[in-house]
Amino acid sequence: MSTQRVFVARLAGCAVFDPAGDRIGKVRDVVVVYRSSASPRVIGLVCEIPGRRQVFLSIGRVSSISTGQVITSGLMNVRRFKPRNGEVRIMAELIGRRVDFADGSGAAVIEDVAIGPNRLGEWSIGQLFLRKPKTSASPFAKGPTAFADWSEVREQRLPGEAQSAEQLVATFSEMHPADLANTLLDLPQQRRIEVAEELPDERLADALEEMPEDDQMDILDRLGDERAADILDQMEPDDAADLLAQLPQGRLEHLLELMEPEEAEDVRMLLRYSPDTAGGLMTPEPIILSADATVAEALALIRRHELHPALAAAVFVTLPPFETPTGRLLGMVHFQRMLRYPPHERLGAIVDDTLEPVPVTASAAEVARMLASYDLVSLPVVDQAHRLVGAISVDDVLDYLLPDDWRSHDTDQQNTPAKGAAG
């Protein structure tokens, strides 16, 4: 076993490899248990494997651990990880906790935790990286840092109790929304709400879009109506409409009134359609341009980083007005087609008018067949007057067609050998 001391915040996200050198997942957390006369003992790692499932990897099955990679050996149990009583996750529950120095010199917050093996190969918590209270009145100032052994500090609360979530939120800043959603759902309920309260509206909205509707509503209920409305403003209109459709009519209207008028208008429009139709699944905010717009203008619009990849795949050409519901749809132009023409070329000269749009009443199954038949990632949705009212993308259809529990559905066999691992 590697004898290098490792800081957990740096270890999180590192790749996990089997003995053959094949990557089988990545580290999400480190699990410890408290001891009465020594620092907490490391019992294993929480690893994320394909399918976004988090599993437990016993420390006894780890042959090497460092800040760059983890190498495991033998079999990996692929049952979904669920913390047991007495187990504490360093990233989820320990980082951000307040402690007092045993010598009475003050308090500090744990910002990182070092783990390392002893002579017998047993891993445990070594030093803590601490942040003391700031001594300057400047809003930009930070308190001094210090290292301390576990024996040199005393926790201000009992193990397992919720603490400030600010430090934990900082470690989530670069997570993909789907990973952030899974991480939130794996936290203890009270801890989850604390973290949700600290997350910026946009980040929390991105995470909620990746959660089952029951979990979405549970979090929004606990945040209160005003914060819930702020989060709904940041969500994609179709996702916000799906969530609001689950609420009683009175609360639905109340939240719509609290939302920004422009965002609420888009959501109200989607709520008019059945949730299993193109109108109910579409987004009302596709990229719309006139026939006189140039390729350069269109490419500039699809470069926007906040735009969903599926919606950035094509632009839609209509008669005025150029906001949904638009004038008559003339066709669409895929970004690959735009790349084949000079920047000054007019979209009207290269528009594809052969693809039939789908009506707002089309079923999800009909839309899926259209997308599959023509190898498309998005389709225009029109009303009876052939006006563009939105666009429906492949991910919208998949979210509807997949089972409700697809995010957490376990399909692999338990105790499956890690790829390349010895039997």
Side-chain angles (χ1 to χ4, degrees), residues 48 51-54 169 172-187 192-193 195-225 227-247 251-252 255-256 258-260 262-271 273 275-276 278-286 304-313 364 367 377-378 381 390-409:
E48 184 178 295
R52 295 188 183 137
R53 185 188 300 125
Q54 293 193 353
V169 168
F172 294 161
S173 60
E174 300 299 323
M175 271 190 177
H176 186 278
D179 294 335
L180 176 57
N182 286 334
T183 301
L184 286 175
L185 293 177
D186 285 333
L187 294 176
R192 182 189 311 161
I193 301 305
V195 173
E197 289 174 343
E198 293 291 339
L199 282 169
D201 291 346
E202 185 176 358
R203 286 289 286 160
L204 182 54
D206 289 342
L208 288 178
E209 290 174 357
E210 303 294 334
M211 292 183 184
E213 289 173 353
D214 288 346
D215 295 302
Q216 290 177 332
M217 288 190 288
D218 180 64
I219 290 176
L220 288 186
D221 283 343
R222 292 172 179 271
L223 293 178
D225 286 353
R227 179 79 195 283
D230 292 337
I231 302 303
L232 290 165
D233 282 334
Q234 297 295 327
M235 294 177 71
E236 292 295 327
D238 52 332
D239 290 307
D242 290 342
L243 176 54
L244 286 170
Q246 309 300 314
L247 301 177
R251 184 151 188 259
L252 184 155
L255 288 174
L256 285 171
L258 292 175
M259 292 175 64
E260 293 292 332
E262 186 175 345
E263 302 297 333
E265 182 180 354
D266 287 340
V267 174
R268 288 182 190 277
M269 187 265 285
L270 292 172
L271 288 171
Y273 303 110
D276 59 351
L281 295 170
M282 70 182 181
T283 175
E285 299 176 339
R304 292 180 298 169
H305 74 278
E306 71 273 11
L307 196 63
H308 191 286
L311 291 180
V367 176
V377 294
S378 65
V381 181
I392 186 166
S393 59
V394 64
D395 62 305
D396 296 325
V397 179
L398 284 175
D399 278 346
Y400 178 79
L401 294 179
L402 287 171
D404 292 339
D405 62 345
W406 69 268
R407 292 178 175 86
S408 59
H409 189 60

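These values consider heavy atoms only, across backbone and side chains, with no hydrogens, waters or symmetry-generated copies. Numbers here simply count residues along the sequence, with the first being 1.
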Closest approach of [X] and [Y], non-hydrogen atoms and distance?
X: Ala196; Y: Ile219; value: CB-CG2, 4.1 Å
X: Ala310; Y: Ser393; value: CB-CB, 3.6 Å
X: Leu258; Y: Ala229; value: CB-CB, 3.5 Å
X: Pro284; Y: Pro237; value: CD-CB, 3.7 Å
X: Gly280; Y: Asp242; value: O-OD1, 4.1 Å

Does [X] reach the side chain of [Y], with side-chain heavy atoms less than 4.5 Å apart?
X: Asp218; Y: Arg222; result: yes
X: Met282; Y: Leu270; result: yes
X: Leu271; Y: Leu252; result: yes
X: Pro177; Y: Leu180; result: no
X: Val397; Y: Val394; result: no
X: Asp238; Y: Leu281; result: no
X: Asp215; Y: Leu185; result: yes

Atom [atom1] of [X] and atom [atom2] of [Y]: how far apart are they, to the nearest 0.5 Å?
X: Glu260; Y: Gln234; atom1: CD; atom2: CD; result: 9.5 Å
X: Glu210; Y: Asp239; atom1: CD; atom2: CG; result: 8.0 Å
X: Leu220; Y: Leu232; atom1: CG; atom2: CG; result: 5.5 Å
X: Asp201; Y: Arg227; atom1: CG; atom2: CZ; result: 4.5 Å
X: Glu209; Y: Met235; atom1: CD; atom2: CE; result: 5.0 Å
X: Asp266; Y: Glu263; atom1: CG; atom2: CD; result: 6.0 Å

| message | Using modelled atom types and a 3.5 Å cut-off, is there a donor and acceptor pairing between side-chain atoms of Asn182 and backbone atoms of Asp179? | response | no
| query | Can a donor-acceptor pair be found between the side chains of Thr183 and Asp186 at a distance below 3.5 Å? | reply | no
| field | Over 12 foreign heavy atoms within 6.0 Å of CD, Glu265 | value | no
